[in-house]
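Structure first, commentary second.
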Amino acid sequence: MLFDVYGDTAVFQWVGWVVVFVGLILMNEFARRTKAGGIICFLVVPAILTVYFIAISISAAAGAQWALNNPTYTDMNSWFHYAKLYAATIGCIGFMALKYRWGKIGKSHWFKAFPFVIVAINILIAVVSDFESAVRAFGTTWVSSEGVTLYGGWHNVFNGIAGIINIFCMTGWWGIYVSKKKQDMLWPDMTWVFILAYDLWNFCYTYNCLPTHSWYCGLALLLAPTVANAIWNKGGWIQNRAYTLAIWCMFCQVCPMFANDSVFAVNSVNNPDINLAISVIALVANIAALGYIVYRAKKLGVNPYTHEVFTGTRDFVKAMDRREEESGETA
């Protein structure tokens, strides 16, 4: 098994997974369906949490016990968690700017490349974290600032490379549209080819570097946007992903003990051989995805980054059918 899901708490662990999965889908729907929902989730709540995080940091530096013993300070203090939270939130705000065409930037053509840039940054944050483990403890273990034991080795290297390749699996960088109901920012060229490669790579990352959270952020968090995209929000996967990621990061930053130390907590088996096997699968999947993209680009005679390469495929057509007619775009 990949996870320690057994014993007296197994029922709670499965219930916790279902609650997180369903909760993320519902919160994503709340954030995407109305402008007010998005503003609350990605402007108001992050602003409040930022004040809270600063208060904890200042109070901890002053020796205040409430801050020194606060789970946010003791269990979520690594650079990665804060980088991921704010990078994901910035992505959500940028996607809303495109979706609602806020100001000149939201109407500009050049800003359509923002989704590629912010997703690439998010991927690189995880890639750096994977390589960090390889550098710190290649062939052995190290304990993170949050007290989590991590293995370093080839699994980190292979998955880090898979993440870099995954960046180049994003195609049609300027092929960004808005849905007819203005509920979604659409990226039609981001089809199952990228989504599958991304999900395998990101699951492997969480399994390598977040073994106490992977049950939730490596499965429930990845499946929530993928299921939404597959069933009712075709073309909106990247928006789904950013929204659910930001919401999960905010929740975990404030309530880390849900996943760390409760009846709902689940650890991976933390076996380097299993980590290696998963990393090889992720690397092969991303190489295959990039190879298929090169094949499609050559077949169509286009640059896969300045042009869309999945035109005519089922998912692409369904996503494009949801877009509204464009008007008022500026250079």
Side-chain angles (χ1 to χ4, degrees), residues 24 28 31-32 38 42 46 80-99 105-106 108-130 159-178 184-206 209 217-218 221-226 228-229 233-249 282 285-286 289-290 293 303-310 315-316 319:
L24 287 171
N28 180 54
R32 65 175 274 264
F42 308 121
F80 171 82
H81 286 113
Y82 282 102
K84 203 69 174 175
L85 189 160
Y86 285 103
T89 303
I90 290 169
C92 296
I93 296 169
F95 294 173
M96 287 195 296
L98 286 164
K99 179 167 67 169
I105 195 170
S108 62
H109 179 72
W110 67 266
F111 193 64
K112 286 185 175 183
F114 171 79
F116 164 76
V117 173
I118 196 65
V119 175
I121 290 171
N122 270 273
I123 292 173
L124 286 173
I125 289 170
V127 167
V128 170
S129 181
D130 241 329
N159 200 55
I161 295 171
I164 293 171
I165 294 172
N166 191 248
I167 292 173
F168 294 96
C169 290
M170 288 187 281
T171 58
W173 296 350
W174 281 269
I176 303 299
Y177 307 90
V178 179
D184 302 298
M185 184 202 75
L186 305 176
W187 191 343
D189 221 43
M190 190 168 272
T191 65
W192 66 268
V193 176
F194 174 81
I195 295 169
L196 179 61
Y198 177 95
D199 281 357
L200 287 171
W201 160 75
N202 194 259
F203 172 75
C204 186
Y205 168 73
T206 66
C209 300
C217 67
L221 176 57
L222 282 174
L223 285 175
T226 301
N229 178 80
N233 192 9
K234 190 67 70 177
W237 179 85
I238 193 59
Q239 178 187 272
N240 298 337
R241 169 58 177 167
Y243 282 17
T244 52
L245 176 60
I247 290 166
W248 171 255
C249 287
N286 275 275
L290 185 58
I293 288 166
N303 182 316
Y305 305 117
T306 58
H307 295 77
E308 295 153 331
V309 298
F310 290 101
D315 284 359
F316 183 91

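This is a predicted model, so every value here is computed, not measured.
Side chain of Asn286 to main chain of Ala282: a donor-acceptor pair is present (N/O by atom type, distance under 3.5 Å, no hydrogens or angles). Not one N or O on the side chain of Asn166 forms a donor-acceptor pair closer than 3.5 Å with the backbone of Ala162. Proximity of a side-chain donor or acceptor of Tyr243 to a complementary backbone N or O of Pro225 within less than 3.5 Å is not detected. Using a distance-only test at 3.5 Å, with no hydrogens or angles considered, a donor-acceptor pair links the side chain of Ser108 to the main chain of Ile105.
In the model, Asn229 has no side-chain atom that pairs as donor or acceptor with a side-chain atom of Asn240 under 3.5 Å. Between the side chains of Asn202 and Arg241, at least one donor N or O lies within less than 3.5 Å of an accepting N or O.
Residues Phe194 and Phe310 place their aromatic rings such that the two centres sit no closer than 6.0 Å.
Taking Trp187 as the reference, nothing meets the ring-ring contact (aromatic ring centres under 6.0 Å, His included) condition, with sequence neighbours excluded.
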In a table with atom names and distances, give each donor-acceptor pair under 3.5 Å that connects a side chain of residues 169-178 to protein atoms at least two apart or in another chain.
from   : atom 1 : to     : atom 2 : distance (Å)
Thr171 : OG1    : Asp189 : OD2    : 2.6
Trp173 : NE1    : Met170 : O      : 2.8
Tyr177 : OH     : Glu308 : OE2    : 3.0

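Two residues are said to be in side-chain contact when any heavy atoms from C-beta on lie closer than 4.5 Å; Lys112 and His109 meet this criterion. For the pair Leu98/Pro115, a side-chain contact is recorded, criterion being any heavy-atom separation below 4.5 Å from C-beta on.
Considering every non-hydrogen atom in both Ala289 and Val193, the closest pair reads CB-CG1, 3.8 Å. Contact detail for Met190 and Ile238: the closest heavy-atom pair is SD-CB, 3.7 Å. Here the shortest heavy-atom pairing between Cys217 and Trp248 reads CB-NE1, 3.5 Å.
Atom OH of Tyr305 has more than 12 heavy atoms from other residues, nucleotides or ligands within 6.0 Å.
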